[in-house]
Amino acid sequence: MGKTALITGINGQDGSYLAEFLINKGYTVWGILKRNSVAENQTFRIDHLRNTPQLQLEYADLLDMASLVRVLQKSKAEEIYNLAAQSHVRISFDQPIYTAQSTGIGTLNLLEAVRLICPEAKFYQASSSEMFGNNIDADGFQRENTPMNPVSPYGCAKVFAYNICRNYRNSYNLFISNGILFNHESPRRGSNFVTNKVAKEAARIKLGLSDKLVLGNTQATRDWGHAKDYVEAMWMMLQHDKADDFVCATGVSHSVQYLVDYCFKIVDLDPAQYVSSAARYMRPEELHDLKGDSSKMRSTLNWQPAYTFESMMEEMVHYWLDFYTK
Ligand code: NAP
Ligand code: G4F
């Protein structure tokens, strides 16, 4: 019989790919949804999986520990992937307290429920390169032992979650692994994150549906990989014989300006005619540069990404071109 997994954040970008990946491996997958007034909007990323008997959805919320207890008891999950979070960095400056509660304390609620109900389960925590802030090692990379110095409420909340996971691992001998994932994208990315915003608007401008793209800081650099490659990394971490922390990244970074130029090249347009910047997309404190060294992950778990930045951005721009011409 296949294993059973529970995914928090199953209807998010990563949760939807992870659910597909685990179902294809023969898992029964339980996922939690937090209540939304328009149910259809919430499940669009997983609607294609709704009829599979291997998928079970339950209403629950990281802020409501009783609901987590209920789902853990019902699902009897052997692997738990904690992907739920208020995950938008810019919005975390507008809603710092909610972000700290959901992304930080929400993780502790789930850990405490796991400790009491199913301490034998393996636990994956969605940690983030945003935790490093502007600390960079001398060779230009961030890695597992790079000091953490977060520069956003979201980053601060993720550092708390990362540390409490390590504390629970050491204190209670639980199998808890942190995946310190660098930015990962896809056509399922929220369109208020920069890659999908640029891909979508480049397509809309090409089709005559829009005539401008307004951005914030285009000098920042990010190490962008594909979400499909990164959900496989999450699973690999829980198949390892020892709980540990791993950086997952491509090791290649580009600026937001390069991203813009690349997407507009795909649609054969000159970005200078359409792109401007506005203060509302700037952050009170910016994380300037991210580039990850995932040697530990690659050598220990044999992980290797299939996508490049270029193949991923081609997929995203073509997704939107198809979407608007169907
Ligand atoms: P996402 O698309 O924003 O998905 C977040 C998910 O969390 C959504 O399903 C959301 O549900 C759910 N959620 C939010 N608050 C919740 C709560 N209080 N209780 C239950 N569910 C809640 O994020 P993602 O890109 O898939 O990322 C997955 C995880 O990895 C997040 O923890 C993120 O912080 C982390 N991470 C992401 C990246 C990246 O580049 N994508 C990199 C490093 C780490 P609704 O949609 O219904 O609100
Ligand atoms: O796409 P972004 O919003 O992603 P950011 O802030 O790097 O956060 C993402 O990656 C983290 C991993 O490091 C995750 F933990 C987090 O959950 C999230 O998935 O912004 C990328 C860069 C930033 O420097 C931002 O200032 O793009 C810059 N940017 C420029 N104009 C913009 C825009 N970002 C957004 N969202 N929108 C703009 O118009």
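Fair warning: this is a prediction, and the values are worked out from it, not measured in the lab. Both counts, for ligands and for their atoms, begin at 1 and track the order of listing.
Within the 4.0 Å heavy-atom criterion, the part of V256 lying near ligand 2 is the side chain and not the backbone.
The N/O atoms of N192, backbone and side chain alike, include one that comes under 3.5 Å of an N/O atom in ligand 2. For ligand 2, none of its N or O atoms has an N or O atom of T195 under 3.5 Å away. Taking only nitrogen or oxygen atoms, main chain and side chain alike, V89 does not reach within less than 3.5 Å of ligand 2. At under 3.5 Å, a nitrogen or oxygen of G216, whether backbone or side chain, sits near a nitrogen or oxygen of ligand 2.
Residue contacts with ligand 2: R90 is excluded, as none of its non-hydrogen atoms falls under 4.0 Å.
Among protein heavy atoms, atom 2 (P) of ligand 2 sits closest to R283 NH2, 3.7 Å.
The closest non-hydrogen atom to atom 23 (O) of ligand 1, taken over G31, S87, G9, comes from S87. When the heavy atoms of L290, V260, N183 are ranked by distance to atom 4 (O) of ligand 2, first place goes to N183.
Relative to the ring axis of Y274, K212 does not place its NZ or CZ within 45° and under 6.0 Å from the centre.
For ligand 2, the atoms sitting less than 4.0 Å from at least one non-hydrogen atom of R222 are 7 (O), 21 (C), 23 (C), 24 (O), numbered in the order shown with element in parentheses. Atoms of ligand 2 lying under 4.0 Å from at least one heavy atom of K197, given by number and element, are 38 (C), 39 (O). Counting atoms of ligand 1 from 1 in the listed order, those under 4.0 Å from a heavy atom of Y98 are 15 (N), 18 (N). Interface of A126 with ligand 1, defined as ligand atoms under 4.0 Å from a residue heavy atom, comprises 29 (C), 30 (O), 32 (O), 35 (C).
Among the candidates D137, N135, D293, the single residue satisfying the side-chain hydrogen bond (donor to acceptor under 3.5 Å, both in side chains) test with T146 is D137.
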